[in-house]
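First the structure, in the form of structure tokens, and then the observations on it.
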Amino acid sequence: MPPLDPETRRAISDRVRYYNDLGIYDFYRQPVELLSAAPKLESEIAVTMPTSSASRVPSQAALSSDPIAALRQIREDIGDCTRCVLHKQGRKQIVFGVGNPRAELMFIGEAPGADEDEKGEPFVGRAGQLLTNMIKAMGLSREEVYIANIIKCRPPGNRTPERDECETCSPFLMRQIETVAPKAIVALGAVAAKTLLAINAPMSELRGRWYDFRGTKLAVTYHPAFLLRDPRQKKETWKDLQMVMKELGLEVPPKAQE
Ligand code: URA
């Protein structure tokens with residue numbers, strides 16, 4: 001094989017680093033003729049997910065121009081996941097994520113609860129209704145944003161996810177973020193904030209400012225389930241959401257100003 005030109009070499013090394021960030025270290029060559037009309041560089045690289053079968057991974061270039069296909073691929077890679085203990089602790093289904101695959105705004109919660117486990121969609125229970133209202137107050141709809149969780153399976157009794165569960169599951173969330181490529185992310189609650197930012201601090205210190213998350217602006221605010229228990233914090237949450245709206249160039253809807 002002829003030596004690679006520097007640009008291709010750099011592109012491959014960036015891509016390998018990207019997969020390493022996702023926790024993927026095993027790469028192998030696949031005969032090019034097995035692949036369809038993918039761009040040359042990508043077509044020569046196939047990636048094995050740690051526990052999945054060696055299925056063909058479409059090129060990232062092709063996928064990033066089609067986020068629907070890319071999200072479908074991520075869902076396929078998750079499969080009927082058995083990577084952590086949650087698969088044998090009563091989860092009914094994997095709760096992948098929902099919303100606009102090209103959303104400018106992404107909300108990330110903690111883990112599915114009973115309602116989400118039942119319906120297969122994040123934030124559809126009581127906390128979900130509050131989140132939907134928060135989104136509406138921003139002048140947006142659920143369909144316009146993208147909503148996901150740090151982990152995709154319901155922990156038994158809604159316990160806080162264990163660190164290894166977050167670490168096992170979050171590479172798929174990283175791929176969802178990379179695919180949707182939102183302008184801003186809102187981490188809902190301490191588990192989401194601490195997992196994404198690797199910072200251990202109380203919510204009161206984490207909220208109210210911007211963070212850089214791999215080149216994307218990330219804000220932290222209270223989890224809607226917490227707001228149901230302590231509605232006094234809604235005022236602070238609204239300040240956080242207004243900070244996000246300003247960043248996205250959204251006007252405060254007249255109703256929300258009252
Ligand atoms: N709480 C979460 O963090 N996520 C959901 O999907 C539902 C409740």
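First listed ligand is number 1; within each ligand, the first listed atom is number 1.
Within ligand 1, counting atoms from 1 as listed, the ones closer than 4.0 Å to a heavy atom of His223 are 1 (N), 2 (C), 3 (O). If you number the atoms of ligand 1 from 1 as listed, the ones under 4.0 Å from a heavy atom of Gly109 come out as 3 (O). Every atom of ligand 1 with a heavy atom of Glu110 under 4.0 Å away is listed here by number and element: 2 (C), 3 (O). Proximity to Pro122 (heavy-atom distance under 4.0 Å) selects the following atoms of ligand 1: 6 (O).
Using a 4.5 Å cut-off on side-chain heavy atoms (C-beta onward), Glu143 and Asn100 make no contact.
The protein non-hydrogen atom at the shortest distance from atom 4 (N) of ligand 1 is Asn149 OD1, 2.8 Å.
By the side-chain contact (heavy atoms from CB on, under 4.5 Å) test, Glu104 is found to be paired with Lys183, Leu248, residues two or more places apart in sequence or in another chain being considered.
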Open item on the list: Applying ring pair (Phe, Tyr, Trp, His ring centres under 6.0 Å) to His223 and Phe123, what does each step give before you reach the verdict?
Closed with: CA-CA 11 Å; His223 192 289; Phe123 283 99; 5.5 Å; yes

Task: Audit row: Gln73, Asp77, side chain to side chain donor-acceptor pair (under 3.5 Å) steps and yes/no - done: CA-CA 6 Å; Gln73 181 66 49; Asp77 289 340; 3.0 Å; yes

Open item on the list: Please determine whether side chain to side chain donor-acceptor pair (under 3.5 Å) holds for the pair Arg142 and Thr132, giving the CA-CA distance in whole Å, both sets of side-chain angles, and the decisive distance to 0.1 Å.
Closed with: CA-CA 6 Å; Arg142 257 179 94 93; Thr132 305; 3.1 Å; yes

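Contact annotation: Ala111 has at least one heavy atom less than 4.0 Å from an atom of ligand 1. Using a non-hydrogen distance threshold of 4.0 Å, Glu121 does not register as a contact of ligand 1.
Of the polar atoms of Phe123, at least one N or O is found under 3.5 Å from an N or O of ligand 1, judged by distance alone.
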Would you mind writing out the side-chain donor-acceptor pairs for residues 185-200 within the sub-3.5 Å range, not counting sequence neighbours?
residue : atom : partner : partner atom : Å
Lys194  : NZ   : Asn200  : OD1          : 3.1
Thr195  : OG1  : Val191  : O            : 2.6

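The side chain of Glu116, and not its backbone, has at least one atom closer than 4.0 Å to an atom of ligand 1 (non-hydrogen atoms only; side chain from C-beta on).
Cation-pi geometry between Lys152 and Phe96 is satisfied (NZ or CZ under 6.0 Å from the ring centre, within 45° of the ring normal).
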